[in-house]
Each structure stands twice: as structure tokens, then as C-alpha cells.
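Everything numeric here is computed off the predicted structure, so don't read it as measured data. Position 1 is the first residue of the sequence; numbering continues from there. Note that ligands are numbered from 1 as they come in the structure, with each ligand's atoms numbered from 1 the same way.
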Amino acid sequence: MTDHHDLHAFIAGLPKAELHVHHVGSASPRIVSELAARHPDSKVPSDPEALVDYFTFTDFAHFIDVYLSVVDLIRTPEDVRLLTYEVARDMARQQIRYAELTITPFSSTRRGIDEGAFMEAIEDARTSAEADFGTVLRWCFDIPGEAGLESAEETVRLATTDKLRPEGLVSFGLGGPEIGVPRPQFKPYFDRAIAAGLHSVPHAGETTGPETIWDALTDLRAERIGHGTSSARDPKLLAHLAEHRIALEVCPTSNIATRAVRTLDEHPIKEFVRAGVVVTINSDDPPMFGTDLNNEYAVAARLLDLDERGLAALAKNAVEVSFLDDAGKAKLAEDIDTYTSAWLAP
Ligand SMILES: Nc1ncnc2c1ncn2[C@@H]1O[C@H](CCC(=O)c2cccc(C(=O)O)c2)[C@@H](O)[C@H]1O
Ligand SMILES: [Zn+2]
């Protein structure tokens, strides 16, 4: 039988893809300290120990308040480039070979960062990170739903205007609070993004019920669902997700940190797997939730009672439902298999 320590070591070296992780939400204490030192008027503490307290949330609304205070640290294109490049460095250390990073460009452009310079900064970080660390980044631009339709218009404009649209952009999302922010109103914006060739990956059912997930499927034509936690309450919905291979981007520790789920043991991930839904494991806003992708895989191993082969299968789920091209998918899946066979060889 595999002991705990071995499983952690296996996870640490396992080549992985991450499909649900936020740009600003990935700023590690090291990155936050550097940005806070550049902008000393910010209310975000620069001391890593004080950050642990600062990143303890009372509920989802409190999380968003704190999140926006970190957004306020990103003020120049150089801040954007530094954040993006350093996030990729942290990913490479965890053997994350491919990541779809959710970026909220509205938050930066409305704070006065030039839109062209913003796109150049993320693209420069993407190409440098791939060359320097080997981690392939792609972008999901998300609408911050609570900021209203003005933010939806701005996000779809930035995502579909030829002169601006960055090469790494593959998908279009919707984030922020769900309560009081009905999904159907965003249909015209998703229609435009999809018509421009982008994939639809909204958050849904993180803090609201399964009807929000149905709305995301019907109105926003979701190809994967961010979180989808409340689908566990609707057997028809679970069957629909399984039948159409619409994957859930599950982020276990995030759901506890934002109080969307009470305890890890009550997390519905087991029900998803039992219903045949494609589950992927993700970290959402790792430093803010005191986690990283490797830890989320360890949590999944415990909740789903997985061994190395089970973990490798989870990692391959993420590759399968990613927006990598077929050759990229085949290569990463093969790397996962090669690594796993070598690990398990007598
Ligand atoms: N677990 C999560 N679940 C959902 N979203 C999450 C999660 N983690 C991170 N986010 C991010 O939070 C942003 C929220 C930004 C927002 O609400 C807002 C409201 C008003 C004004 C502005 C502004 O910038 O001026 C921004 C989302 O776009 C999303 O990318
Ligand atoms: Zn998220």
C-alpha cells in the first residue's frame, strides 16, 4: 500500500494541467510583497505572516473585498508582467505544464492601465515564461459579473477586437458573486465571444443553486463549469453533465475558504464522480486560500480514496477537457503516463 508521503511525492512530480486559476488570485506572498513595496499606500500587508490573517475570509463577499484590494496593487503594465511571469514560475515548480489563467482585464483597464500595454504585458510574460520555465499559458478573459453590463461590454470588446485580442486567449468566462447577478443577462456577450471563436467557461453554482448552472448551460453555452458545486443537488443536471462530458472545475479548498461548503468531508466531489461527471482539480486563488494545485490533488486523493493511477486519471481529465490543441493534449497525456509507469515500476 502507498503511504501518504509517497503519494505527496508522486503528486509533486506529476505533470499537470490547471484549468481554473485566477491571475490576481495567484499572487503569492512573495509577489504581493514585491507589489506592495512598489505601492506603499496600499492597505494590503506586505509581511507574509500578516497576509495569512488578511487572507482569512468570513464569507464570499468578504473574499471579493480582499480580492479587490489585491487588484488595486496592479497599477502599471510592468506590475501585470511581473505578476504573470512570477505566477508561471510558481506553476512550473509544481510541474504544472499547462494552465488556463483567468484574467479580468476590465479591472485593469478601468483603473487606467492602457489596454494595448496590458495585452503586451501578458503576452510578453506568456512567451517568456514558456521559454524560461516550459509552462504553457493560455488566457480566459472573465466578466466580473457584479460590475454590471458595462464590464461585460468592455470584456467582450477587449476579447474580440482584432488589434487587441492576445494570441494566448482561448476562452471567455464570468466570475465574481452569483447572488443577485443572474447569468442570462450575459447571453449577448457570450454569443459574441463564441462567434469570435472563444470557448465558454463561466463560474456557476459556486454560491447559488443548480438553476444557475442550467442557465450557464442554456444561455451561456458553457463547455465547462467553474465550480458547479450545487449540481450535486440535481440528479438530472448531474446526468446531463455526464452525458455531454461537460466537466466541472472543482476547487475543494476554495469552497471551504469562501464558505461555499462547510467542511472538506462534506464536499460533493464524490457524488460528481459517482454520477460519471468529468471532474478536474484546480486551485482557484491558491495563496489566498493557503493552498496550491499539489495540495488540491492530495485533498482529492483523500476525498476520493485514490492511488497513483487514480491521480494520474484525474490529471488526464484536465488535459482532455482543456483547450490545448490535439498534439499538445497527446504529448501531455503521454508525459503523465510515462511518469506514472516509471513511478510504479518495481
Ligand atoms: N472563487 C471565485 N469565484 C468567483 N470569482 C472569483 C473567484 N476567485 C476570483 N474571482 C475573481 O473575482 C473577480 C471579481 C471582481 C468583481 O467582483 C468586481 C466587482 C466590481 C468592480 C470590480 C472592478 O474590478 O472594478 C470587480 C472575478 O472577475 C473573478 O475573476
Ligand atoms: Zn474561480
Side-chain angles (χ1 to χ4, degrees), residues 18-27 55 57 59-75 79-80 83-84 87 99-113 115 118 122 139-156 158-159 169 171-181 183 186 189-190 193 200-208 212-213 216 220 222 224-230 247-261 267 280-291 293 296:
E18 175 148 52
L19 306 181
H20 188 122
V21 58
H22 295 262
H23 185 222
V24 173
S26 296
F55 287 161
F57 311 111
D59 57 17
F60 191 84
H62 178 222
F63 160 68
I64 291 290
D65 277 352
V66 170
Y67 190 88
L68 290 178
S69 71
V70 182
V71 168
D72 273 322
L73 281 175
I74 323 283
R75 301 190 189 167
D79 294 340
V80 174
L83 169 67
T84 317
V87 164
E100 291 171 17
L101 195 57
T102 296
I103 298 186
T104 315
F106 172 80
S107 290
S108 291
T109 58
R110 77 163 264 186
R111 283 170 176 76
I113 299 184
E115 56 198 37
F118 179 87
I122 59 173
W139 318 126
C140 169
F141 277 5
D142 82 330
I143 301 169
E146 201 189 32
L149 296 184
E150 174 211 350
S151 77
E153 178 58 42
E154 172 77 344
T155 308
V156 77
L158 295 168
L169 185 66
S171 62
F172 197 70
L174 170 59
E178 292 174 87
I179 297 168
V181 188
R183 311 281 100 172
F186 300 104
Y189 307 94
F190 274 76
S200 168
V201 284
H203 286 62
E206 178 183 19
T207 51
T208 57
T212 313
I213 303 170
L220 311 183
R224 299 192 311 246
I225 300 283
H227 297 281
T229 317
S230 63
L248 297 183
E249 300 161 359
V250 177
C251 313
T253 300
S254 157
N255 296 148
I256 309 308
T258 63
R259 318 265 169 140
V261 175
H267 198 284
T280 66
I281 299 299
N282 304 276
S283 64
D284 211 10
D285 303 288
M288 293 188 181
F289 301 145
T291 191
L293 188 62
E296 295 308 287

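- Under the 4.0 angstrom criterion for non-hydrogen atoms, His23 is not in contact with ligand 1.
- Near Ser107, the atoms of ligand 1 lying under 4.0 angstrom from a non-hydrogen atom of the residue are 23 (C), 24 (O).
- Between the side chain of Glu296 and the backbone N or O of Thr291 there is no donor-acceptor pair closer than 3.5 Å.
- Looking from atom 3 (N) of ligand 1 to the surrounding protein, the closest heavy atom is Glu206 OE1, 2.7 Å.
- The minimum heavy-atom distance between Thr208 and Ser230, with the atom names listed, is O-OG, 2.8 Å.
- Side-chain atoms of Glu178 never come within 3.5 Å of backbone atoms of Thr212 as a donor-acceptor pair (strictly under, hydrogens ignored).
- The shortest heavy-atom distance from Pro177 to ligand 1 is under 4.0 Å.
- Donor-acceptor pairing under 3.5 Å is lacking for the side chains of Ser171 and Glu100.
- The distance from ligand 1 to the heavy atoms of Thr104 drops below 4.0 Å at these ligand atoms: 28 (O), 30 (O).
- Taking the six-membered ring wherever Trp is involved, the centroid distance between the rings of Phe141 and Phe106 does not fall below 6.0 Å.
- The contact set between ligand 1 and Phe63, taken as ligand atoms under 4.0 Å from a residue heavy atom, comprises 7 (C), 8 (N), 9 (C).
- The atoms of ligand 1 that sit less than 4.0 Å from any heavy atom of Asp142 are 27 (C), 28 (O), 29 (C), 30 (O).
- At least one heavy atom of Asp284 sits less than 4.0 Å from an atom of ligand 1.
- Among all non-hydrogen protein atoms, the one lying nearest atom 4 (C) of ligand 1 is Gly176 N, 3.2 Å.
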May I have the step-by-step check of side chain to side chain donor-acceptor pair (under 3.5 Å) for Asn255 and Thr253, ending in yes or no?
CA-CA 5 Å; Asn255 296 148; Thr253 300; over 6 Å; no

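- If you check the side chains of His22 and Asp142, you find no donor sitting under 3.5 Å from an acceptor.
- No donor-acceptor pair under 3.5 Å is formed between the side chain of Arg75 and the backbone N or O of Arg111.
- Considering backbone and side-chain N/O atoms, Thr102 never comes within less than 3.5 Å of an N/O atom of ligand 1.
- The nearest pair of heavy atoms linking Met288 to Phe57 is O-CE1, 3.4 Å.
- Looking at every heavy atom in both residues, Thr84 comes nearest to His23 through OG1-NE2, 2.8 Å.
- In terms of protein heavy atoms, atom 13 (C) of ligand 1 is closest to Tyr67 CE2, 4.0 Å.
- Taking a cut-off of under 4.0 Å to the non-hydrogen atoms of Phe60, the atoms of ligand 1 that pass are 3 (N), 4 (C).
- Protein heavy atom closest to atom 10 (N) of ligand 1, with residue, atom name and distance, is His22 CE1, 3.3 Å.
- Using a 4.0 Å cutoff on heavy atoms, His227 counts as a contact of ligand 1.
- With hydrogens left out, the protein atom closest to atom 15 (C) of ligand 1 is Pro144 CB, 3.7 Å, a heavy atom.
- Distances shorter than 4.0 angstrom occur between a heavy atom of Leu68 and an atom of ligand 1.
- Using a 4.0 Å cut-off to heavy atoms of Asp285, the atoms of ligand 1 that qualify are 1 (N), 7 (C), 8 (N), 9 (C).
- Ligand-side atoms of ligand 1 in range of Glu146: 17 (O), 19 (C), range being under 4.0 angstrom from any heavy atom.
- Looking at Ser26, its side chain never comes within 3.5 Å of a backbone N or O of Val87 through a donor-acceptor pair.
- Put simply, the angle at the Zn ion (ligand 2) from NE2 in His20 to NE2 in His203 is close to 90°, to the nearest 10°.
- At the Zn ion (ligand 2), the vertex angle linking OD1 of Asp284 with NE2 of His22 is 90° (nearest 10 degrees).
- In terms of protein heavy-atom proximity, atom 21 (C) of ligand 1 is nearest to Ala147 CB, 3.8 Å.
- Classification of the His20-His227 ring pair by plane angle, with boundaries at 30° and 60°, yields perpendicular.
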